[in-house]
Amino acid sequence: MAKRNSIGRNWKHRPGLETLEVREMLDASGELISLRLAVTDLHGNQIEQIAQGEAFLVKAYIEDRRGEPGVVVDVPEPDPQNPNNTPDISDDPYGFFTAYFNVTYDAAGFDFDESYGIQIGPTISEVSVPVPDTSIDGYIERLGMQNIDTSGLFHPNEVELLSFRMIAQQPGNYDLAEGFMPHFHFDVVDYIEDVNELPENWDVNYVNGVPQLERLTGSEFMDATVGADEYFSLYHYGTERLTQDSQVYFEGVGLQVLAPTTTEYQVRYVDEPTTTLGGEVNALPSNLEYFDEWSYFYVEVYAKAPNGNSLNAGVVTVNYDPDDFEFVQAVGRNEDPTSLRYSITFTEVDNENGSVTVGYNTLATDLGDDRFALLGRIQLRSKIEMPVDYTNGELQPTTSSDVMLGDASATIYNDISDSRSVVGGTTSAGTNFEVWPVIYDVANGEDRQVGLADFSDFVAVFGKSVNNDPEIRKLDFDNNGTIGLSDFSLFVQNFGQSNYYDSKRIYPAGYPGDLSSPALMGSSSLLEGEPVASPSTSRREAPVVAAGPPQPVSSDNVSSNLLSLPATNSVSTNSPAQSSTEEGSSAASSEETIDAFVSQWNDQSDLIALTAVVRSDETSSDDENADFVANTDEILAIWEDEEQL
């Protein structure tokens with residue numbers, strides 16, 4: 001019957017992985033191919049236990065054993081009718097050519113994860129891979145592939161053939177009648193024969209949730225191998241087919257399902273990476289509360305294992321609103337060997353729906369046992385758009401959507417039993433942030449960079465008083481009522497910045513936060529480009545988001561006198577002693593002063609000089625090109641009138 005095809009097999013079950021030497025002593029010398037199963041966490045670590053609801057991998061390993069000591073290859077007699085096609089495989093290259101098999105498992109305890117599918121081993125050069133049939137709960141039919149490696153490297157050692165993902169369903173010990181824990185093994189499912197139904201309509205023979213197996217012998221076995229699901233061949237020009245039960249070694253594997261248990265996870269949101277003590281922290285850092293609309297920040301993931309265990313590995317999913325945030329990078333030990341001891345094993349990003357899943361793994365067995373270990377960081381950047389608009393008073397922040405830990409699991413290690421278990425992880429409520437506009441991005445519809453268009457707007461109102469004009473107020477960065485040299489100094493220090501790379505804007509004291517009262521006053525003695533009191537100016541490099549436009553000029557490359565106003569004693573910003581009653585006369589004085597400046601600037605050709613080293617026509621607009629791309633050494637801006645640069 002087509003449904004009852006099977007091959008005999010030398011099948012064994014082992015509670016865990018065995019060394020090659022142990023298998024050599026246990027197994028018959030005529031087994032030429034070894035196929036064994038292993039269960040691991042999602043990082044490839046062997047596990048013995050798993051908590052209900054957690055995911056794990058079942059991996060199949062294949063090995064050509066002809067080179068092992070004691071393995072004897074029977075050389076058949078030559079075929080007189082076809083002497084050139086005698087299946088003598090003793091001298092052929094090592095490696096398998098075909099491997100097709102079925103797997104049964106305890107349906108009550110485990111569930112096949114369709115979303116993962118079948119993943120081929122990293123060193124296999126497959127020719128064809130069938131889609132396995134999983135319509136029978138507890139049975140995966142037709143796993144495997146045809147393999148070829150034209151390079152001549154035919155896998156002389158054991159290699160990973162394929163893997164598939166399972167979900168633990170119910171705690172307990174299954175199939176105790178066979179004397180081992182919940183298991184996965186090779187065989188062909190048995191059906192309940194019904195003379196009144198066609199074979200394709202027969203029911204699967206289940207006992208305690210486990211599909212029963214059919215083992216055939218004699219002539220039934222030989223008949224069933226015609227068109228069988230299971231067959232294996234070694235390299236013999238693709239012609240040698242192994243169907244004898246003495247030639248294939250099968251090894252199943254056990255796994256126990258535990259009641260739900262968890263590892264404690266914590267996340268912190270920071271703009272500067274946290275320094276650890278050997279990968280752990282004595283106290284968790286504080287959460288970031290506010291940032292500006294171009295900010296990059298880190299979601300730091302911390303975890304601590306249950307008592308008596310350490311933290312071997314973790315998988316976390318961070319969810320975010322893709323309209324507000326975007327994934328930049330995952331950071332592990334390779335990126336920060338000073339503070340991190342976990343390496344990244346995989347990263348799955350869904351920017352369209354706003355989620356990123358990252359796997360972290362370490363070889364250490366002393367992390368997360370008594371303190372929180374820092375698994376790694378996930379960097380996001382803000383995509384929030386905010387106008388600089390003083391029409392209705394001072395600037396106000398907006399509240400971002402939540403960023404949260406959506407899911408987590410952990411592999412914990414017990415050094416007493418020398419075993420690993422996969423458990424769940426706790427999750428916490430999400431966090432949102434106050435988001436403030438970048439006050440230097442005021443022109444070109446706020447194009448998310450501080451450039452020449454913004455500077456043109458600044459020059460047009462330099463020396464003027466605000467006088468409740470929101471368009472002038474936009475350039476009064478220090479909020480002292482006049483557009484002066486301290487505003488110019490702030491602008492120079494932020495020139496060239498954009499949201500396409502990770503950096504820190506330099507703001508007047510109190511911002512982001514509150515600019516409702518003068519927080520910083522300019523001085524007539526302030527030199528061009530001289531820094532003003534501000535928060536930290538530290539900067540760090542980060543990759544440019546691939547989907548973004550070319551990276552603009554960084555303010556790190558802009559010298560303090562790159563953008564320069566003409567030195568003069570005719571203008572000064574308001575001093576702290578000026579009162580509101582002097583506003584009118586001050587405004588008039590400023591207007592007279594700017595007119596005087598304009599008359600001087602008409603004859604000046606070097607109001608602004610940008611070297612070609614830091615100014616590229618690649619990042620300039622068409623309008624800017626006409627005025628600024630003059631030659632390779634200097635780019636000059638000629639003042640034409642009060643309103644145009």
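Positions are given from 1 along the sequence. Keep in mind that the numbers below use all heavy atoms, side chains included, and drop hydrogens, waters and symmetry copies. Only a predicted model underlies this, so the values are computations on that prediction, with no experimental measurement involved.
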S.K.: Using salt bridge (charged side-chain N to carboxylate O under 4.0 Å, His left out) as the criterion, list what pairs up with Asp336, not counting sequence neighbours.
M.R.: Arg377
S.K.: Let me see the working for Phe372 and Asn282 under side-chain contact (heavy atoms from CB on, under 4.5 Å), right down to the final yes or no.
M.R.: CA-CA 7 Å; Phe372 276 101; Asn282 291 322; over 6 Å; no
S.K.: As a quick check of understanding, evaluate side chain to side chain donor-acceptor pair (under 3.5 Å) for Thr411 and Asn45, giving each step before the final call.
M.R.: CA-CA 8 Å; Thr411 302; Asn45 302 310; 4.9 Å; no
S.K.: With sequence neighbours excluded, tell me which residues meet salt bridge (charged side-chain N to carboxylate O under 4.0 Å, His left out) with Asp447.
M.R.: none
S.K.: Determine the minimum heavy-atom distance between Tyr116 and Ser163, stating which atoms define it.
M.R.: OH-OG, 3.5 Å
S.K.: Are the side chain of Asp389 and the backbone N or O of Thr391 linked by a donor-acceptor pair below 3.5 Å?
M.R.: yes
S.K.: Ignoring hydrogens and geometry, is there a side-chain-to-backbone donor-acceptor pair from Thr276 to Ser339 under 3.5 Å?
M.R.: yes
S.K.: Is there a side-chain contact between Tyr298 and Pro273 (heavy atoms, below 4.5 Å)?
M.R.: yes
S.K.: I'd like to know if the side chain of Asp292 and the backbone of Pro512 have a donor-acceptor N/O pair within less than 3.5 Å.
M.R.: no
S.K.: Is there a donor-acceptor pair closer than 3.5 Å between any side-chain N or O of Asn361 and the backbone N or O of Thr345?
M.R.: no
S.K.: Would you tell me whether Arg473 and Asn479 have side-chain atoms, one donor and one acceptor, within less than 3.5 Å of each other?
M.R.: yes
S.K.: Return the set of residues passing ring-ring contact (aromatic ring centres under 6.0 Å, His included) with Tyr269 (not counting sequence neighbours), or none when no residue passes.
M.R.: Phe433
S.K.: Does Glu280 pair with Lys304 as a salt bridge, N-O distance under 4.0 Å?
M.R.: no
S.K.: Got a donor-acceptor contact below 3.5 angstrom from the Asn432 side chain to the Ser401 backbone?
M.R.: no
S.K.: Start with the C-alpha gap between Asp502 and Gln379, add the side-chain angles, then the distance that decides, and say whether side chain to side chain donor-acceptor pair (under 3.5 Å) holds.
M.R.: CA-CA 10 Å; Asp502 186 12; Gln379 190 179 36; 3.3 Å; yes
S.K.: Can you tell whether the side chains of Asp441 and Lys474 come within less than 4.0 Å, N to carboxylate O?
M.R.: no
S.K.: If you count the non-hydrogen atoms of other residues, nucleotides and ligands that lie under 6.0 Å from CD in Gln119, is the total more than 12?
M.R.: yes
S.K.: Is the terminal nitrogen or CZ of Arg333 (NZ for Lys, CZ for Arg) located under 6.0 angstrom from the six-membered ring centre of Tyr342 and within 45° of that ring's axis?
M.R.: no
S.K.: Any donor-acceptor pair under 3.5 Å linking the side chain of Glu293 with the backbone of Val438?
M.R.: yes
S.K.: Check whether Ser382 reaches the backbone of Phe325 with its side chain - one donor and one acceptor, N or O, closer than 3.5 Å.
M.R.: no
S.K.: Donor-acceptor check, side chain of Asn467 to backbone of Asp469, threshold 3.5 angstrom: yes or no?
M.R.: no
S.K.: What do you reckon, is CZ of Phe346 surrounded by more than 12 foreign heavy atoms closer than 6.0 Å?
M.R.: yes
S.K.: When you measure from the side chain of Asn494 to the backbone of Leu490, do you find a donor-acceptor pair of N or O atoms at a distance under 3.5 Å?
M.R.: yes
S.K.: Does the pair Arg505 and Ser503 meet the rule for a side chain to side chain donor-acceptor pair (under 3.5 Å), with working shown?
M.R.: CA-CA 7 Å; Arg505 263 66 57 203; Ser503 63; 3.1 Å; yes
S.K.: Using only atom types and a distance under 3.5 Å, with no angle test, would you say the side chain of Asn351 pairs donor to acceptor with the backbone of Phe327?
M.R.: yes
S.K.: Quick one: do the Ser115 and Asp113 side chains pair a donor with an acceptor below 3.5 Å?
M.R.: yes
S.K.: Looking at Leu277, I'd like to know if its CG atom is crowded, meaning that more than 12 non-hydrogen atoms belonging to other residues, nucleotides or ligands lie closer than 6.0 Å.
M.R.: yes
S.K.: Do NZ/NE/NH1/NH2 and the carboxylate oxygens of Glu300 and Arg268 come within less than 4.0 Å?
M.R.: no
S.K.: Looking at Asp271 and Lys504, is there a salt bridge between them, counting it only when a charged N and a carboxylate O are closer than 4.0 Å?
M.R.: yes
